[in-house]
Number of protein chains: 2
Amino acid sequence: MSAAAPRRTLNRQVLADHVHEELMSWLIDGRLEAGANLSIDGIARDLDVSPTPVREALARLEHTGMVRRVALKGYKVAPLFTAPELAQLVDARLMIEPVNAELACARSTPQLVDDLKQTIEDLRHAPTGASYAEFREYWKADEDFHRLIAEHTGNPFILNAYRTLGGQVQRFRFFAGLGVTDADNAIAEHTAILDAFAAGDAAAARAAMVAHLNGVKQRSILDSAEHP
Amino acid sequence: MSAAAPRRTLNRQVLADHVHEELMSWLIDGRLEAGANLSIDGIARDLDVSPTPVREALARLEHTGMVRRVALKGYKVAPLFTAPELAQLVDARLMIEPVNAELACARSTPQLVDDLKQTIEDLRHAPTGASYAEFREYWKADEDFHRLIAEHTGNPFILNAYRTLGGQVQRFRFFAGLGVTDADNAIAEHTAILDAFAAGDAAAARAAMVAHLNGVKQRSILDSAEHP
DNA sequence: CATAGATAAATCCTATAGGAACTACCGATA
DNA sequence: TATCGGTAGTTCCTATAGGATTTATCTATG
């Protein structure tokens, strides 16, 4: 690149971050087929970037489970979940999130209740169309609700464990297409959890979270049966 | 590098993997001070490698929590744990591992029982000296015990969540220096868990794991009070 | 016709070059 | 003396070059 001028000299931001976000959005939106090869050079060409930042972005992405790496072979998009895997994912969430709800409720603040209420409002108003952009708004509101609770446990390790699951949740939700089908259920169940928070009833919060996740589990299994 | 011949032409393995393991061992062994700058170029010089694989290794390492990154600033060794953080870490383990014990016990096999017994043997025979090499043997036996159980839940997401914690456990264990002080307790408590597995009593396995982790929590707090 | 070998392309991986920003230090000037 | 400015060094970040290996294609031979 001695003839052509450098493309981004004043753009004081890390290119690898941009690549990372771009790939993330491709993966969440399902623009990439499961099992597809993620060629480093190819992505670099597509994004008009050198392979170096692509390499770094993929390395960061690997631990989310959305991308698999084989040494000296390259990266691939991880395969889609099977129905049993969907159930297992919710089982793992059932291990963590009810405790989160109980802990967060015990340390709840009016601010938290307001924030949670806001995510439910967002959920209610988010379009449930099939478009990826729309779907993402819905997903974000849903994710925010659960993440806020995880953050309010006050335990960073728990939050980290929840995040580890969350990376997978993204793909799971897209795959199952729940954003379109179970909005009413999700809003009702989130509201039940919120009510427990507002009342300061930690045991009820825990129970409501269990009920919610069991609902998610059942509905996702049904959905995945319809879309083999 | 046109004059000097390429250093590793036949070495058919990824250099970034080697750098990754090397950094990991530096971090676990405590050879790196907390808060120290991890200069990409500097590490490259030290390991006689170009910055590219170092960059990739650090990107992979970031999610373990042992290393922090600030865009355009570089990487630093994460600060050591405080006593409340140690307690929180065990709290997070208490959320996951008792369930693991219950699930794994329900699906237990003679093979698993044998493997667990072996880790206890290793624990018993591992030197408890202050040398890093010795300490690592002890830590590995301990880690194997807990990981085997997590693997036998049959739920890859749970295993993943446990691993997320595990990355932190490494530093925690080194920091607190438990490997030297509580070997007898750990062996006894692991044996109690093993007995429950051998008897096929899932509830007892769960209870024994709770007791073990509570023991770890108390002892680590005591230790960290002694070594401020 | 089928198969073996060679050529070309794609790919991963590492090294190197160089730009931009920050830091430290040192000398010159008000 | 104190402050300002410049220079060298370090560091992060990205681009580019090139080696090694695999894959695909195509040709030549049995």
Side-chain angles (χ1 to χ4, degrees), chain A residues 1-24 26 32-63 66-78, chain B residues 1-24 26 32-63 66-78:
Chain A
M1 184 74 49
S2 54
R7 279 183 294 269
R8 300 170 202 80
T9 90
L10 291 212
N11 210 353
R12 203 67 189 120
Q13 74 170 2
V14 180
L15 220 46
D17 288 347
H18 176 249
V19 175
H20 181 266
E21 285 181 23
E22 192 72 16
L23 286 176
M24 190 81 97
W26 289 3
L32 258 31
E33 223 171 322
N37 282 331
L38 290 172
S39 155
I40 294 175
D41 291 346
I43 294 171
R45 275 194 303 272
D46 289 349
L47 296 183
D48 193 27
V49 153
S50 89
T52 313
V54 174
R55 184 168 280 285
E56 186 170 333
L58 283 171
R60 278 189 230 159
L61 226 45
E62 189 189 355
H63 84 106
M66 295 195 281
V67 153
R68 293 208 199 297
R69 164 180 173 269
V70 180
L72 301 171
K73 284 294 184 179
Y75 292 86
K76 293 171 98 69
V77 179
Chain B
M1 185 72 51
S2 54
R7 280 184 294 270
R8 302 172 201 75
T9 88
L10 291 210
N11 210 354
R12 203 67 188 119
Q13 73 171 3
V14 180
L15 220 45
D17 288 347
H18 177 248
V19 176
H20 182 265
E21 285 182 23
E22 192 72 16
L23 286 176
M24 189 80 98
W26 288 4
L32 258 33
E33 223 172 323
N37 280 332
L38 290 172
S39 156
I40 295 175
D41 291 347
I43 294 171
R45 276 194 302 272
D46 289 349
L47 296 182
D48 194 27
V49 153
S50 89
T52 314
V54 175
R55 185 168 280 285
E56 186 169 334
L58 283 171
R60 277 189 231 160
L61 225 45
E62 191 188 353
H63 85 105
M66 295 195 280
V67 153
R68 293 207 199 299
R69 162 179 175 270
V70 179
L72 301 172
K73 284 294 185 180
Y75 291 88
K76 294 170 99 68
V77 179

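Given the structure is predicted, the values throughout are model-derived calculations rather than measurements. Just so it is clear: chains get the letters A, B, ... in the order the sequence lines come, proteins before strands, and each one is counted from 1.
Rounding to whole angstrom units, NE2 of residue A:His20 and P of D:dC13 are separated by 15 Å. Computed from coordinates, the B:Leu47 CG to C:dA15 P distance equals 11 Å when rounded to whole Å. One atom, CG of B:Asn37, and another, P of C:dA24, lie 12 Å apart when rounded to the nearest Å. For B:Ile43 and D:dT10, the CD1 to P distance is 16 Å, given to the nearest whole Å. If you take CD of A:Gln13 and C1' of C:dA20, they are 15 Å apart, rounded to a whole angstrom. In this structure, A:Asp17 places its CG atom 11 Å from C1' of D:dC13, rounding to the nearest Å.
Distance check, rounded to the nearest 0.5 Å: CZ of B:Arg69 to CZ of A:Arg60 gives 4.0 Å. Atom CZ of B:Arg55 and atom OH of B:Tyr75 lie 6.5 Å apart (nearest 0.5 Å).
Closest to the side chain of B:Pro53, out of C:dA15, C:dC13, D:dA15, is C:dA15.
Residues B:His20 and B:Leu61 meet the side-chain proximity criterion, which asks for heavy atoms closer than 4.5 Å.
Residues passing the side-chain contact (heavy atoms from CB on, under 4.5 Å) test with A:Glu21, sequence neighbours excluded: none. Judged as a side chain to side chain donor-acceptor pair (under 3.5 Å), and not counting sequence neighbours, B:Lys73 has no contacts.
Residues A:Ile40 and A:Val54 share a closest heavy-atom pair of O-CG1, 3.9 Å.
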Using atom names, set out every protein N or O paired with an N or O of nucleotides 10-12 of chain C below 3.5 Å, distance rounded to 0.1 Å.
from, atom 1, to, atom 2, distance (Å)
C:dT11, OP2, A:Arg45, NH2, 3.3
C:dC12, OP1, A:Ile40, N, 3.3
C:dC12, OP2, A:Ile40, N, 3.1

